[in-house]
Amino acid sequence: MEGHTYHFYQLEREIQERLREALKREFALALDQEEIPVEVPPNPEFGDLSSPLPLKLAKTLRQNPLAIAEKLQAILLKERPAYAKTITVTAPGYINFFLDFVALTRGLFDAVAVEKEKYGEVKVGKGKKVVIEHTNINPNKAAHIGHLRNACLGDTLARLKRRLGYEVEVQNYIDDTGAAVADIVVGLYHLERECPRGVPFDSFCWDLYTQVNQLYEENPPLKEKQREVLHQIEEGDNEVAQLAKKVAGKIVDHHLDIMWRLGVYYNLLTWESDILKLGFWEYAFEQLKGEGSLVYEEEGPNAGCWVVKLGDLEEFKDLENPDKVLVRSNGTATYTAKDIAYQMWKFGVLGKDFFYDRHGLQPNGTVLWTTTPDGNKMERFGRADEVINVIDLRQKYLQDVLRFSLYKLGFEKEAANSIHFGYEVVALSANTARELGVEVKEGEKEVYAMSGRQGIGVKAGVLVERMVKKATVEVAKRHPEMSPEEHRKLAQDIAIGAIRYYMIKYNINSVIVFDFNEALNMQGNTGPYLQYAYARAANILGKVEPEILEEIDLRDVSIPAELTSEERELIRRMAEFPATLGKAAQLLQPPILAEYTFNLASTFMNFYEAVPVLNAEPPLMRFRIALLLAFRQTLGNALNTLGMPAPARM
RNA sequence: GCGCCAGUAGCUCAGCAGGAUAGAGCACUUCCCUCCUAAGGAAGGGGCCGGGGGUUCGAAUCCCUUCUGGCGCACCA
């Protein structure tokens, strides 16, 4: 653990630890640190931090909680926790801690000065590798806002994990051999549809996909063509398979364009066709046959199939048929089977590897790699200690099957380190559904599911365009002195921030009811609000005389004994950052960081309104400039972790 | 039928390893730019935290039950 941050991160832990020790000494009671509650009290007269521990223990100790509180207080007063200035007791049994803000601020300034853009990081994941798979859009049509939620959450998880010190490898899985791509091939090859000039290929396919699916219903024999195409794709080495590969490739490039635009980057594209070609499953099958957990059914509903028996596991015991078929009676593998082999590869326990090649350079300067049928051998991909699959909650059952099958097949450790990051889908509000031409009956439903097949959904590109357009208008209004080029650049940053924040701020297990009015909003609890706080701080700092700015050093600026309440709030929020970042990363909860960042920005807005910086007396001004420097760094680090640009002007 | 998730202000949502008066944002009403950018701030109205039981000194938070909504339970991907 690193010096300064460690010390700092310990603010609450320190108090917990001292309480724990006092409890042990006075009452001979041993509790774990986590069992000792420490919270922020609702009222400043109860201090800066507070513990209801005596209330909790009143029963077990059979004593008046107030008496317990006073005994603990007496001990703590003799050996004060770091940063605690005074310790009081209030009814019915709280111990309150008033912080020494001079010492606290010193600690904060030191940490920020030393760590800079790394301030907030707690390196608990050092030496471990995590593979995060996200985005995974069917390469047969334009990306929609549901895919955006996936990518934004996945990318934020990657950023969080990096901040914990993990080696992070982001993979984007491309199902280029499935029915979805086949439908497009049916449209292009058999129905001879063509993409008109000037229409982006992914948008064209969005409509084509809907049309083909509609035709399947009107003209069932056409469905035969789909089967034929799927067969040809699997065979490979023919015109149709080449067309499918070309379609998928073009669409993937569209998907990458929009994701890159939003600041989402990857390390590796993994293609389903390569998994098939290399026979990942067949290879795994040969190994697993002898294991005994993969059984061949002689009779019953699954006669002739190879299955994994999951019925003796708690999670599956109530199911009608808890066994999972991996190999059908006709000898072909199910999707789950391929997924098991693929998951084994991610952990480096398959014993077989892909071939690789460069896909290209990403706008952030990193190389995106791809699996290929005939590339190079490389050691660097996969071989993870932990695997996170970012997939919506509708696939929870399948992800459970995957994990427990791994467990049953002898990969206990890998099963334990397989994490399904499940999040709820994005649906449409009645207003937005109506706007898209969906028939909305008055007072019937408030939420409308998106549907790729029916072409109901908001394309990611459409959302980005509308957001950029709106932001451009706002920017132009405020900055007539800027060039159109500058307007566009700034509007782009604001749009990215708005969209990413919108996609991340909601609890992951609640459905986002997408509404254009709300998504395009730039006031209140939105991305631009957070960015505006950053711009305002940067703006003040930009007005400080360069000589003055030059000589202010966070490590030795003098800190006033008396602070305003706005200053104290701001300091406390900034001091919380490492603990909150760590919590969000360890619980895999981007919304925790989003909420913190909003509160940090909001605390700054209060400071901004109430506390003059440039008009303050020189010694105070220096301190407040230092405060702004620390704030700009802290908010900047938070925004960066959320993948949001931090503009210096807005 | 079984399982998972959600139900908190008019709307969208925080809070849920129990703690002091339930918080934001939007919308609405009223203020604040001779003062570092008003994408901001201040004030106000608005709540049987779905219903009913229980555990506890204390429940939006834990347990049981019930209602409502969403999703899932293939030899589909």
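Naming: A, B, ... by sequence-line order, numbering from 1 per chain.
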S.K.: Roughly how many Å is it from CD in Gln33(A) to P in A17(B), rounded to a whole number?
M.R.: 18 Å

S.K.: Decide yes or no, distance alone: a donor-acceptor N/O pair under 3.5 angstrom between the base of C75(B) and the side-chain of Ser329(A).
M.R.: yes

S.K.: Please write out each protein N/O paired with an N/O of nucleotides 49-51 of chain B under 3.5 Å, distance rounded to 0.1 Å.
M.R.:
none

S.K.: Can you measure Asn606(A) atom CG to G25(B) atom P for me and round it to whole angstrom units?
M.R.: 10 Å

S.K.: Which nucleotide sits closest to the side chain of Val513(A): A39(B), C13(B), G41(B)?
M.R.: C13(B)

S.K.: Output yes when at least one side-chain N/O atom of Arg394(A) is less than 4.0 Å from OP1 or OP2 of G70(B), else no.
M.R.: no

S.K.: Would you state whether a donor and an acceptor, one from the side chain of Asn599(A) and one from the base of A14(B), lie under 3.5 Å apart?
M.R.: no

S.K.: Can Tyr608(A) be said to stack with the base of G41(B), given centres closer than 5.5 angstrom and planes under 30 degrees apart?
M.R.: no

S.K.: Can you check whether Ile184(A)'s main-chain N or O pairs, donor with acceptor, with Asn140(A)'s side chain at less than 3.5 Å?
M.R.: no

S.K.: Quick one: side chain to side chain donor-acceptor pair (under 3.5 Å) partners of Glu609(A), sequence neighbours excluded?
M.R.: none

S.K.: What parts of residues 49-56 of chain A reach RNA chain B, counting only heavy atoms under 4.0 Å away?
M.R.: Ser50(A), Pro52(A), Leu55(A), Lys56(A)

S.K.: List, with names and distances, any nitrogen or oxygen atoms from the protein found under 3.5 Å away from nitrogen or oxygen atoms belonging to nucleotides 3-8 of chain B.
M.R.:
| unit_1 | atom_1 | unit_2 | atom_2 | d |
| --- | --- | --- | --- | --- |
| C5(B) | O2' | Asn509(A) | O | 3.1 |

S.K.: Nearest whole angstrom, please: distance from the C1' of A39(B) to the OH of Tyr502(A).
M.R.: 18 Å

S.K.: Answer yes or no: side-chain N or O of Asn43(A) and base N or O of U21(B) forming a donor-acceptor pair under 3.5 Å.
M.R.: yes

S.K.: Would you say Asp32(A)'s side chain and Glu34(A)'s backbone share a donor-acceptor pair under 3.5 angstrom?
M.R.: no

S.K.: Return the residues of residues 487-496 of chain A meeting this criterion: a heavy atom under 4.0 Å from some atom of RNA chain B. Order them by number, or give none.
M.R.: Ile494(A)

S.K.: Hey, does the side-chain of Thr334(A) have a donor or acceptor N/O within less than 3.5 Å of a partner on the base of A74(B)?
M.R.: no

S.K.: For the pair Lys470(A) (side chain) and Leu520(A) (backbone), establish whether a donor and an acceptor sit closer than 3.5 Å, ignoring hydrogens and angles.
M.R.: yes

S.K.: With the six-membered base ring of G40(B) as reference, does the ring of Tyr532(A) sit under 5.5 Å away with planes under 30° apart?
M.R.: no

S.K.: Between U56(B) and A42(B), how far is it from one C1' atom to the other, in whole Å?
M.R.: 41 Å

S.K.: Could you work out, with salt bridge (charged side-chain N to carboxylate O under 4.0 Å, His left out) as the rule, every residue matching Asp274(A), not counting sequence neighbours?
M.R.: none

S.K.: Counting only N and O atoms by type, is there a donor-acceptor contact under 3.5 Å from the side chain of Asn172(A) to the main-chain atoms of Asn136(A)?
M.R.: yes

